[in-house]
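Here is the naming used below: chain letters follow the sequence lines, and residue numbers restart at 1 for every chain.
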Protein chains: 2
Amino acid sequence: MTFMNISDFLKALVPFTNDELDDILKHFKKEAVPKNQILVRQGEVSKTLYFIESGLGRSYYLNQAGKEITQWFFGSGKFMASADSFFQQCPSLYFIEVLEDTVIYSITKEKLDELFDTYPKMEKLGRLVTTEMLTKVVNKLNAIQFQTAKERYEYMLAEFPDIAYQVSLGHIASYLGMTQETLSRIRKSNSSK
Amino acid sequence: MTFMNISDFLKALVPFTNDELDDILKHFKKEAVPKNQILVRQGEVSKTLYFIESGLGRSYYLNQAGKEITQWFFGSGKFMASADSFFQQCPSLYFIEVLEDTVIYSITKEKLDELFDTYPKMEKLGRLVTTEMLTKVVNKLNAIQFQTAKERYEYMLAEFPDIAYQVSLGHIASYLGMTQETLSRIRKSNSSK
DNA sequence: CGCCGAGTTGAACTGAATCAAGAAACGTGG
DNA sequence: CCACGTTTCTTGATTCAGTTCAACTCGGCG
């Protein structure tokens with residue numbers, strides 16, 4: 001199983017001293033979350049940011065028809081949050097759940113804002129993490145907007161190879177903006193080649 | 001014409017002192033750019049970030065068929081860049097052009113990074129601007145992924161009402177992931193109601 | 001006046017959705 | 001460890017939103 005230690009992750013992005021790192025990490029709470037547990041519900045205001053040490057999470061919402069639409073997958077070594085709710089403190093459009101047994105570090109928005117005020121380096125970290133996320137979302141947008149269902153699946157294989165095989169067909173299909181049936185046919189036609 | 005002064009914009013987000021602001025602004029270069037001028041070309045590595053004081057820009061790329069696909073519009077009071085190229089210093093997938101006579105402030109990546117190092121408040125600014133952009137892109141992604149052509153056009157009217165009427169049909173259609181013909185029919189059916 | 005780009009309209013076509021039904025895999029309790 | 005029920009995946013037939021291709025209109029401008 002993939003595993004990414006939070007302190008290694010932070011150090012890789014910004015050169016924190018060990019003292020800084022200790023102080024920062026003590027604001028995070030480590031937790032083991034069992035498979036299928038829901039961390040954020042639609043309509044709640046989420047005050048928590050999660051870092052995934054190992055395991056896998058996803059955000060999704062319910063469309064008009066009540067169907068779950070996957071919005072994003074979060075693998076190990078990534079920050080996970082209901083982007084709208086956490087950043088803007090509005091009711092979340094999304095659910096966040098864990099798809100397998102997962103180890104997370106969590107921090108509240110208040111504490112994170114404190115850290116931003118105390119450590120300029122944390123601002124840098126925040127900026128870098130957000131920028132990375134922005135480029136990934138832009139990539140997905142381009143894939144969704146201008147590619148056929150088959151090309152979208154290939155984009156997924158390229159960008160998140162691990163996830164494409166760990167996760168149920170239906171979750172992936174809705175993430176890629178197609179039906180489960182379509183994805184099933186695409187997989188079939190790919191495997192016969 | 002809409003107009004947004006860069007120093008008002010910066011002060012609104014982060015409480016810079018006047019001295020800080022003066023020092024920061026002297027790294028920006030003010031420029032009047034005539035309609036239709038291209039600022040970044042596909043394949044170039046773009047070292048420049050733009051702030052639009054007045055006017056309008058867009059990013060677009062050429063698809064396999066050689067057709068221009070609008071990726072984003074940038075109105076006054078917004079930062080504009082080839083996101084991939086500027087942040088990751090890779091060859092740009094996109095062109096950036098100005099759709100009308102526009103007044104911009106530009107800054108190079110090196111100078112911006114200097115400012116990030118000198119002023120922690122600039123890191124905060126960077127984080128806030130990136131976060132705002134991220135939420136907008138996520139919104140567009142949801143619109144594109146799960147809505148009909150007609151709903152997408154309504155999303156555009158709601159989110160960028162000014163732009164929807166300033167810009168040519170073809171630019172908007174490709175931005176919304178539909179053909180010009182489809183958008184023309186949607187507009188017709190809306191106006192007859 | 002005549003050209004040219006932008007927008008409109010029509011008709012045929014198509015990729016993917018929907019609807020429906022069956023097969024396979026999964027997990028839970030006896 | 002098997003049996004049964006539930007969920008997940010596959011396959012087929014039909015339908016439809018939106019594309020494609022092609023022709024036409026309109027307004028501006030040299």
Side-chain angles (χ1 to χ4, degrees), chain A residues 34-38 56 58 60 62-70 73 95 97-101 140 142-157 163-193, chain B residues 34-36 38 56 58 60 62-70 73 97 99-100 140 142-157 163-193:
Chain A
K35 181 170 176 172
N36 294 328
Q37 185 162 316
I38 293 182
L56 182 61
R58 70 160 181 150
Y60 66 94
L62 301 175
N63 69 3
Q64 304 85 322
K67 242 186 64 183
E68 294 182 2
I69 306 289
T70 301
F73 294 107
F95 291 82
E97 72 172 4
V98 138
L99 295 173
E100 37 182 80
D101 293 349
K140 182 183 169 186
N142 289 330
I144 292 286
Q145 186 162 6
F146 302 111
Q147 301 189 330
T148 61
K150 184 167 187 168
E151 289 167 333
R152 263 144 45 209
Y153 180 59
E154 275 148 18
Y155 143 83
M156 168 109 196
L157 288 180
I163 291 173
Y165 294 109
Q166 273 175 63
V167 167
S168 82
L169 188 82
H171 290 353
I172 295 175
S174 73
Y175 175 77
L176 292 176
M178 64 185 76
T179 60
Q180 168 170 293
E181 292 93 327
T182 298
L183 181 54
S184 173
R185 288 183 242 264
I186 289 169
R187 279 198 170 159
K188 190 185 179 190
S189 80
N190 277 358
S191 65
S192 66
K193 275 192 311 201
Chain B
K35 183 171 175 171
N36 294 329
I38 292 183
L56 182 61
R58 71 158 181 152
Y60 66 94
L62 300 175
N63 69 2
Q64 304 85 323
K67 240 187 65 181
E68 295 181 2
I69 306 290
T70 301
F73 294 107
E97 74 173 3
L99 295 174
E100 38 183 80
K140 182 183 169 187
N142 289 330
I144 292 287
Q145 185 163 6
F146 301 112
Q147 302 190 331
T148 61
K150 184 167 185 168
E151 289 168 332
R152 264 146 43 210
Y153 181 58
E154 275 149 17
Y155 143 84
M156 167 107 197
L157 289 181
I163 291 174
Y165 295 110
Q166 273 176 62
V167 168
S168 82
L169 189 83
H171 290 352
I172 295 176
S174 72
Y175 174 77
L176 292 176
M178 64 185 77
T179 60
Q180 171 171 297
E181 291 93 328
T182 298
L183 181 55
S184 172
R185 287 184 245 262
I186 288 170
R187 279 196 169 163
K188 191 183 177 193
S189 80
N190 278 356
S191 66
S192 66
K193 277 192 309 197

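Listed by chain and residue number, nothing satisfies the side chain to side chain donor-acceptor pair (under 3.5 Å) test with B:Q166 (two or more places apart in sequence, or in another chain). Residues passing the side-chain contact (heavy atoms from CB on, under 4.5 Å) test with B:T179, sequence neighbours excluded: B:E181, B:T182. Legend: residues meeting side-chain contact (heavy atoms from CB on, under 4.5 Å) with B:Q147, ordered by chain and number and at least two apart, are B:A143, B:E151, B:R152, B:Y155. For A:F95, the ring pair (Phe, Tyr, Trp, His ring centres under 6.0 Å) partners are A:Y60, not counting sequence neighbours. Evaluation of the ring pair (Phe, Tyr, Trp, His ring centres under 6.0 Å) rule for B:F146 yields A:Y61 as partners, not counting sequence neighbours. Considering only residues two or more places apart in sequence or on other chains, A:Q180 meets the side chain to side chain donor-acceptor pair (under 3.5 Å) condition with none of them. Listed by chain and number, the residues in a ring pair (Phe, Tyr, Trp, His ring centres under 6.0 Å) with A:F73 are A:Y175 (sequence neighbours excluded).
Atom CG of B:N142 sits about 11.5 Å away from atom CG of A:N63, to the nearest 0.5 Å. The distance from the CE atom of A:M178 to the OG1 atom of A:T148 is 8.0 Å, given to the nearest 0.5 Å. Note that CG of A:D101 is 9.0 Å distant from CG of A:N36, once rounded to the nearest 0.5 Å. From A:K150, atom NZ reaches atom CG of A:L176 across 14.5 Å, with rounding to the nearest 0.5 Å.
C:dA17 atom C1' lies 13 Å from atom CD of A:Q180, rounded to whole Å. Between B:R187 atom CZ and C:dA6 atom P the separation is 14 Å, expressed in whole Å. Atom CG of B:L183 and atom P of D:dT20 are 15 Å apart (whole Å). To the nearest angstrom, P of C:dG7 lies 11 Å from OH of B:Y153. Put simply, CD on B:E68 is 13 Å from P on C:dG5, counting in whole angstrom units.
Comparing the end axes of the helix from C:dC1-D:dG30 to C:dG30-D:dC1, each fitted to five base pairs by superposing C1' atoms of four pairs onto the next four, gives an inter-axis angle of 40° (nearest 10 degrees).
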Nucleotides 13-16 of chain C: which of its N/O atoms have a protein N/O under 3.5 Å away?
{"residue": "C:dA16", "atom": "OP1", "partner": "A:A149", "partner atom": "N", "Å": "2.7"}

Kindly give the atom pairs (protein nitrogen or oxygen, nucleotide nitrogen or oxygen) under 3.5 Å for nucleotides 25-30 of chain D.
none

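Near DNA chain C, meaning a heavy atom under 4.0 Å away, the residues from residues 163-176 of chain B are B:S168, B:L169, B:G170.
Taking the side chain as every heavy atom from C-beta outward, B:L183 and B:M156 never approach each other to under 4.5 Å. For the pair B:K67/B:L62, no side-chain contact is recorded, criterion being any heavy-atom separation below 4.5 Å from C-beta on. Side-chain atoms of B:L99 and B:H171, non-hydrogen and from C-beta on, do get closer than 4.5 Å to each other.
The minimum heavy-atom distance linking A:P34 with A:V98 is given by the pair O-CG1, 3.7 Å.
Using a distance-only test at 3.5 Å, with no hydrogens or angles considered, a donor-acceptor pair links the side chain of B:S174 to the main chain of B:T70.
The shortest distance between the side-chain N/O atoms of A:K188 and the OP1/OP2 oxygens of D:dT11 is below 4.0 Å.
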>> Protein within reach of the bases, or only the backbone? For nucleotides 19-24 of chain C, mark each nucleotide 5' to 3' as B, S or -, using heavy atoms under 4.0 Å.
In response: BB----

